Peer 1: 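Sending over a structure as structure tokens; questions will come in a sec.
As the structure is a computational prediction, the values presented were derived from the model and not from experiment. Throughout, protein chains are lettered first and strands after them, A, B, ... in sequence-line order, and every chain is numbered starting at 1.
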Amino acid sequence: MSRTYENISKPYEYVHEPPLVKGDHDFKSITALVTDINLRPTPRGWYMAFGVANLLLFLLLFSIAYLIWQGTGIWGLNTPVNWGWAIINFVWWVGIGHAGTLISAILFLFRQDWRTAINRFAEAMTIFAVMCAGVFPAIHVGRIWVIYWVFPIPNQMGVWPNFNSPLLWDVFAVSTYFTVSLLFWYVGLVPDLATIRDRIKSRIGKVLYGTFSLGWRGSNRHWWTYEKAYMILAGLATPLVLSVHTIVSFDFAVSVIPGWHTTIFPPYFVAGAIFSGFAMVLSLMIICRKVYKLEDIMTVDHMEKMNMILLVTGMMVGFAYAMEFFMAWYSGVEYEKAIFMLRAAGPYAWAYWIMISCNVLSPQVFWVKRFRRNIALTFVISIIVNIGMWFERFVITVSSLSTDFLPSSWGYYSPTMWDIMTYIGTFGLFFTFFLLFLRFLPMVAVAELKNVMPQADPHNYDDSGEYVPPKADVPEPKREPV
Amino acid sequence: METSNTDRKLYGVLAEAGNPKELLNIAMTVKNSGYRIYDTYSPFPIHGMDQAMNLKKSKLGWIVLGHGLTGFFGALSLIYFTMAVDYPLNIGGKTLLNFPAWIPVTFELTILLSAFGAVFGMFFLNGLPRLNHPLFSIDNFSRATDDGFFICIESEDPQFEKEKVKKLFADAGVSNIEEVYDD
Amino acid sequence: MSEDLKQNSYWKSLNELAHNEEYKKFNEREFPEGASELTDQVSRRSFLRVMGASIALAGFASCRRPVQKIIPYTEMPENLVQGVPLHYATAKPFQDSLSGLLVENTDGRPTKIEGNESHPENRGRTNIYDQAEILNLYDPDRSRSVRRNGESVSGDDFIAFARDHFSDTGRRIAVISEASSSPTLGRLKEQMAARFPNSSWVTYEAFDEESQLEGTRLAFGRRLRTVNHYDRADVVLSLDSDFINPHEHKNNVANARQVTGRREVRSTEDTLSRIYVVENKFTNTGSYADNRLRLKASEIGPFTYALAAHLSGSVEGLEAFSGLSNDFSGHEWIPLLAGDLLANRGMSIVTAGNQQPAPVHAAAAAINLALGNAGSAVTWHEVPHIEDNPQRDAFRELARQLDNGTIDTVILAGTNPVFTAPADLDFGNALGRADTVIHLGDYRDETAASADWHINRAHFLEAWGDGYSYTGTRSVIQPQIQPLFSGWSGLELFNVIISGQWADGYSLVRETWNEFYPDDFEDRWRRILHDGIDTGGHFPEINTDLSAGFADVISSLPDMSRIEGFEIAIRPDATVFDGRYANNSWLQELPDPMTKITWDNVALMSPATARQLGIPVTRGLNENEAPVVRIEAGGRAIEIAAWVQPGHADNSISLSVGYGRNGIGRIADGVGVDTYPLRTTDAGYFRSADISVTGRNYEIACVQDHDSLEGREMIREATMEGYRENPDFASFESFHGYEVPGLAEGLELGTDNPVTLFTPQHFPEHQPQWGMAIDLNSCFGCGVCTIACQAENNIPVVGKREVGRRRMMHWIRTDRYYEGDEDNPRAMHQPIPCMHCDHAPCEEVCPVAATTQSDDGLNQMTYNRCIGTRYCANNCPYKVRRFNFFNYSKEFLTTGDDPEIIQMAMNPDVTVRFRGVMEKCTYCVQRINRVKSQAKIETGSPKPVDGAMKTACQQACPANAIHFGDLTDSDSNISRLKQNERDYVLLKELSTRPRTSYLGKLRNPNPELG
């Protein structure tokens, strides 16, 4: 245990990397830099953004209301293709929801201290993304008013849910994932809420932050259990995050439909999820660091690291695409062979090639360091990747269904405006919550950040108690013009 | 504060250290002078403080394990009861004890319960939530969540004597020595 | 958006119901005409009348809120148990033939039509029209009252008018009657002639058998009905005759039963007859044939002559054609056909289609006679109700008289000539010249609009009648319910006209049958009411010889020559016939058996012709639009969507009639294009025409977007030789060249299925276990199974737009695949119900266990548990599951102001499904349970005797292609079929273990034609 403790204490000893915080900051300035955002009066820009988000949220609610009123038929679904945009969006949002917990948990276990700059932020994104995802399975059913039947609740029919069904696994996986992510996020928030509690002037603010910080007072006896708990949570969340998208992929992999029924799906889906998740974090981070002047904390070095992950995971999904074709050919199953031929050259070839170019080709630019550190380019690629990942889900879901076993039942699927409005609406849901988060909660884990500052380490003080900054083993790279 | 000290119960004596290193040292000194009931406060966990304060290994692990097992066996028995005992159905010709299909839900519920154990167990062990605390009456203490490093020896400590403690702090060279009262 | 807002109208203008004033008035009357007049006989029928009336009243007494009236059993009707339907024999008149039916009567309302097992022709089988009649009966758009100049009046008003008007017996009256075989009508016809010396009577049908009758007149000098006995024929040559389809031949059910029966194969010892088809359109008969030759309709005449000429060298009796030579004399088919026909003298049939001119039929008759088929495979009969003079000429003559104004009163009984008459007659105007026009019809149709008096006709399930089947079996048509709209039958109308008095059909029919049964009438009458048929009567067979001057007759005829350039061939429509079923939504939504198009008629053309016109031949999955072409003929033009039909004759365009109606009803109005304007007296069936592409597109709702089998295993077929060489050609191994993966290991473990990772859960000890087998060698794709299923299982109609979005609800569909080159492919039909897999992929994925396996092997759907994730439908490899994307049933059952009427058509034993739930074929579980409980009552075990349980599709199928039964009964029909080497299941490698299996298709092509 104490070994772990040691390691966390001296990152720079074995991770040769530039300091995580640029500029000369002490604890106070860091506190100010982050929490002043919450203490300052609300900027007008925020109100405008929030207004737009609310409009989109209303669009979502309206679409759902009309859906419930009329029936699933307002969507473009048909008899071969019984799942359309709803499921695509679900998988897409869940995928995005993976970066947060991954960054918090896995990078935590791997001692990647650079995560502290972005984990709070990514976790928030995760939670809101999973909320958006959760909307779809709930509304896509024919009889929304009895959706609760998927939970094992004793009922007058005496029937229980079917635990053989991947959809039911989904229910448990996604809800567990949401709950655990929420707890993880909150646990991390408590010390920072305390910080704001102690700095905020307004009475109401004191009461609210005071309540939610649970009376945290930075006791080291508390920190002791706290770190233990955090470690355990990270340990739990890591297999969880991997399991969730695995189980989402089971929705397809467990079925018999050609193009779905394949064992590569779990790893392939997880890689894709991380891929899109990081892309989304980048898109949001690049905006926020600029708007909220957090360049010192969310540095270009962070972005470079994340771009590397994009490159790696991009290659992984590329490999998966190739593998699918190989397996289809190698298995010798005519229906498998046919479906992949149809994907590349059939009625949905256009979607397939969008997917390939966005997910496999576009990240290749990150082989070049200069591009990795280019903020504008990173932003563009991150958007492209998210588009590509949406199309990946489209290709998987729709093309397999539309041309499966019996040629007589082949049919084409195209969405209606209601599919599209519902999808756009979920962005309203997402950004409404995200903006509230930016406004009222510290978007960087202040306590953790301080923790990884050299000043935090007693070893960086001489016997007279004077601070002796550690010398970076590698020269700090030139700052790109931001 | 001077006025009514006599009629108020003393909680402890608080002192502020300049930086993590100093706090670590003073904590060590206090421990070595035989004090038991005291605590240090800092905006982030200070490394080495567990040795410095000689903190016991936390029981949290056991709590989590307990919850995890509850989740695991709870899930298994739930599925077994619903699928095989209470309302057995022939679903796709699959056997009633279709264990492979039970893995995902069992796994998820194990994780969920464990997470509850970790989080609420932690708060329980830390005696949180506790919205009010004598230390909060010290204005300066608010910096404990910003950039302040504090140590407080509490009056419950068997060998607590106000003046002795103040002297100890003064000798150790920590500043802002204050008395903290329950109120 | 707008389209989505109109979601609640599920076919165009369904809910835009015209609230017409007359109908409101009709409702204001406390009792509808006649509903209260209960006749005196205390019998089961009087009970039915009470029930029928009360249910009808429930509908009519209020417009908005239905009043439910209950009639208590003051005296318990004999053998009636509440909830247990009774079956009554009756018969369905169709033109001048009749099919014997058994009607399921639930609590006093007919709910399902079945064939009458003891009827010598259909033997319990039916066609799509028979099945769909239920919906016609309950069609809320039917004409509901007698009208004078469009104003609703009472029947008594008409009686008063008739008594006065027809008191002048010198009137020049013209009766235009639909073809009818009713002896009672015949009797009234004679009375008409006797009472009104200046009256004339013409039988008019838009599509009749006149050319066939005229053919026999040319050949034998008398108009005789030709009856082909396909069960006795080893070689059949069809010259443009789609004889197994209801819209092409009145005797289709018997034909289908016989031809498929003759070709039923259970072992390699059995034999197939050989069917040659020469036609322009790709018909079901063509797809069922062993060899098919596509010729333009206008080329079939010359082809027939050439064949006759060739045969004249070998057999006596064809001298008329000897020496004749034309374009086809050298055709490769001629010697081969001749050879086959000569080799099977007395065992062959040459038959020609109704759209071919008389000489072709004459030649066919002569050939049959010369080949000695007469009396064996082909017989000719004298039919009492067929007039001696050509009725087409008579009708033309009548039109001329009308024009000259030499007729003052016209009575149109059940016909709609204003819509269907040849365009050049301009019949609408001609009719206007008569002083008084009286029209009897089901709908306020085109003719009713131009009539002074319209009498709403009673449906045959509502009124007494009688008639002869195609070969002359006599039946009484007994009503199943009191007329819903107090309509009159034709008999009642003519009786009023003749006598000026009202007499109900019952007494009129009895009067006629008194003559048939001079002694112990009551007993025999009761017997025929019970049996539904009089086995005694059938048309006398005529042994005749060619008329002396046959050769001269033939040579005197203008010699036939093909039409150069484009020809159009106009046929009745497969689903709406001549338009009489246009307002039947079941039939409108039934896919055309070959094109699979619903809710529209199109111009069919071959791929080559399409290319020539610049019309794209292949359709992408995402293309619902078809280019519109302009067809001009005889100075009239129509614009209609073009559809590429592989295997169609080049330069020939096939059209079907009956669409493009308006003012008929919610269903018929505005659907499709009226093609009658292209028909004229001189060219009723095919003629040359000009085709041009308009550049516009039109959306077509086709239920099958991909026509190629892609070389997949769904349909497995072999030639008879191939079958004898390799009897299990249909097995997985023979088809794929390797055995099912995992089967070898499975066999080691003692199961005959591929190994699984788990021990399956089965109920082998439970009996019975149900299974189905579909013989692809019998199925010719008529689609009656779909309609029967729809009628039995309360399947709603969803309308064109929803079908266009591929949301059709049919529980059993018939897939149609083409194989071979696009110009002359073979077509194959495959009915697809639920496979009821033992290891059903759909069941495993349902999160709420709404679909499960029953103890007797059914894949059950629990509607009230379903939450509608549609995962099951995705995971069904056969795509047989149907989802209620909208509240289809509610839309269907709340049509109009008095939804109670359409609701009466529903089967009370079957749940009506709500929006958002999945549904699919249940193997008619409601019938299974009835049969099981019946068996339990009788034998104490729930195991019914073999054949006791029939699914709706099986019962209706004229080809006997669908077999169903108990698999645990080792010598049941189904068990034997499952043992047959031709038996195979779809997608065996998925190890779903379907309960529905197929028997491989067999063909018997002429080896020299391949």
Peer 1: Count the heavy-atom pairs under 4.5 Å between each of D198(A), L240(A), N220(A), T176(A) and chain B, then report the option with the highest count.
Peer 2: N220(A)
Peer 1: Do M83(B) and N162(A) have side chains that get closer than 4.5 Å, going by heavy atoms?
Peer 2: yes
Peer 1: Look at the rings of Y230(A) and F184(A) and say which category their plane angle falls in: under 30° parallel, 30 to 60° tilted, over 60° perpendicular.
Peer 2: tilted
Peer 1: Against chain A, label F136(B) side chain, backbone, both or neither, depending on which of its atoms sit under 4.5 Å from a heavy atom there.
Peer 2: side chain
Peer 1: If you apply the rule side chain to side chain donor-acceptor pair (under 3.5 Å), what do you find for K450(A) with T31(A), and how did you get there?
Peer 2: CA-CA 9 Å; K450(A) 290 175 185 163; T31(A) 313; 2.9 Å; yes
Peer 1: Aromatic contact between W223(A) and W216(A), with the criterion being ring centroids under 6.0 Å apart: yes or no?
Peer 2: yes
Peer 1: For the candidates G127(B), A144(B), S114(B), G121(B), which exhibits the highest count of non-hydrogen atom pairs separated by less than 4.5 Å from chain A?
Peer 2: S114(B)
Peer 1: Is M157(A) in contact with chain B via its backbone, its side chain, both, or neither, using a 4.5 Å heavy-atom distance?
Peer 2: backbone
Peer 1: Less than 4.5 Å to any heavy atom of chain B: does that hold for the side chain of L236(A), its backbone, both, or neither?
Peer 2: both
Peer 1: Considering only heavy atoms, which portion of P166(A) lies under 4.5 Å from any heavy atom of chain B: side chain, backbone, both, or neither?
Peer 2: neither
Peer 1: Report the option among I103(B), I63(B), T110(B), D86(B) that has the most heavy-atom pairs separated by less than 4.5 Å from atoms of chain A.
Peer 2: D86(B)
Peer 1: Quick one: sort the H98(A) and H245(A) rings into parallel, tilted or perpendicular, breaks at 30° and 60°.
Peer 2: perpendicular
Peer 1: Between G61(B), A115(B), S58(B), A27(B), which has the largest tally of heavy atom pairs under 4.5 Å with chain A?
Peer 2: A115(B)
Peer 1: Is the shortest side-chain heavy-atom distance between M231(A) and L109(A) below 4.5 Å?
Peer 2: yes
Peer 1: Ring centroid separation for Y11(B) and H133(B), is it under 6.0 angstrom?
Peer 2: yes
Peer 1: Answer yes if the ring centres of F27(A) and F44(B) are under 6.0 angstrom apart, and no otherwise.
Peer 2: yes
Peer 1: Quick check for you: among G235(A), G158(A), G218(A), which has the greatest number of heavy-atom pairs under 4.5 Å with chain B?
Peer 2: G218(A)
Peer 1: At a 4.5 Å cut-off on heavy atoms, which part of K56(B) comes close to chain A: side chain, backbone, both, or neither?
Peer 2: backbone
Peer 1: If you count heavy-atom pairs under 4.5 Å between each of D192(A), V159(A), V171(A), V446(A) and chain B, which one has the most?
Peer 2: V159(A)
Peer 1: Looking at chain B, which one of A447(A), S219(A), S213(A), A173(A) has the largest number of heavy-atom pairs inside 4.5 Å, strictly under?
Peer 2: S219(A)
Peer 1: Between L131(B) and chain A, with a heavy-atom cut-off of 4.5 Å, which part of the residue counts as in contact: side chain, backbone, both or neither?
Peer 2: both
Peer 1: So which of N126(B), V105(B), L135(B), D147(B) has the largest heavy-atom pair count under 4.5 angstrom toward chain A?
Peer 2: N126(B)
Peer 1: Taking the side chain as everything from C-beta on, heavy atoms only, tell me whether M53(B) gets closer than 4.5 Å to M28(B).
Peer 2: no
Peer 1: Checking heavy atoms, do the side chain of L112(B), its backbone, both or neither come under 4.5 Å from chain A?
Peer 2: both
Peer 1: Are F149(B) and Y41(B), when compared by the centres of their aromatic rings, separated by less than 6.0 Å?
Peer 2: no
Peer 1: Quick one: are W102(B) and Y80(B) in side-chain contact, heavy atoms under 4.5 Å?
Peer 2: yes
Peer 1: Pick one of side chain, backbone, both or neither for V190(A), based on which atoms fall under 4.5 Å of a heavy atom in chain B.
Peer 2: side chain
Peer 1: So which part of L78(B) gets closer than 4.5 Å to some heavy atom of chain A, the side chain, the backbone, both or neither?
Peer 2: side chain
Peer 1: Can you tell me which of P161(A), A32(A), S243(A) forms the most heavy-atom pairs within a distance under 4.5 Å of chain B?
Peer 2: S243(A)
Peer 1: Could you walk me through whether K9(B) and E154(B) satisfy the salt bridge (Lys or Arg N to Asp or Glu O under 4.0 Å) test, starting with their C-alpha distance in whole Å, then the side-chain angles of each, then the deciding distance to 0.1 Å, before giving a yes or no?
Peer 2: CA-CA 11 Å; K9(B) 185 176 178 314; E154(B) 292 165 31; over 6 Å; no
Peer 1: Against chain A, work out which of T40(B), V119(B), L89(B) has the most heavy-atom pairs shorter than 4.5 Å and name it.
Peer 2: T40(B)
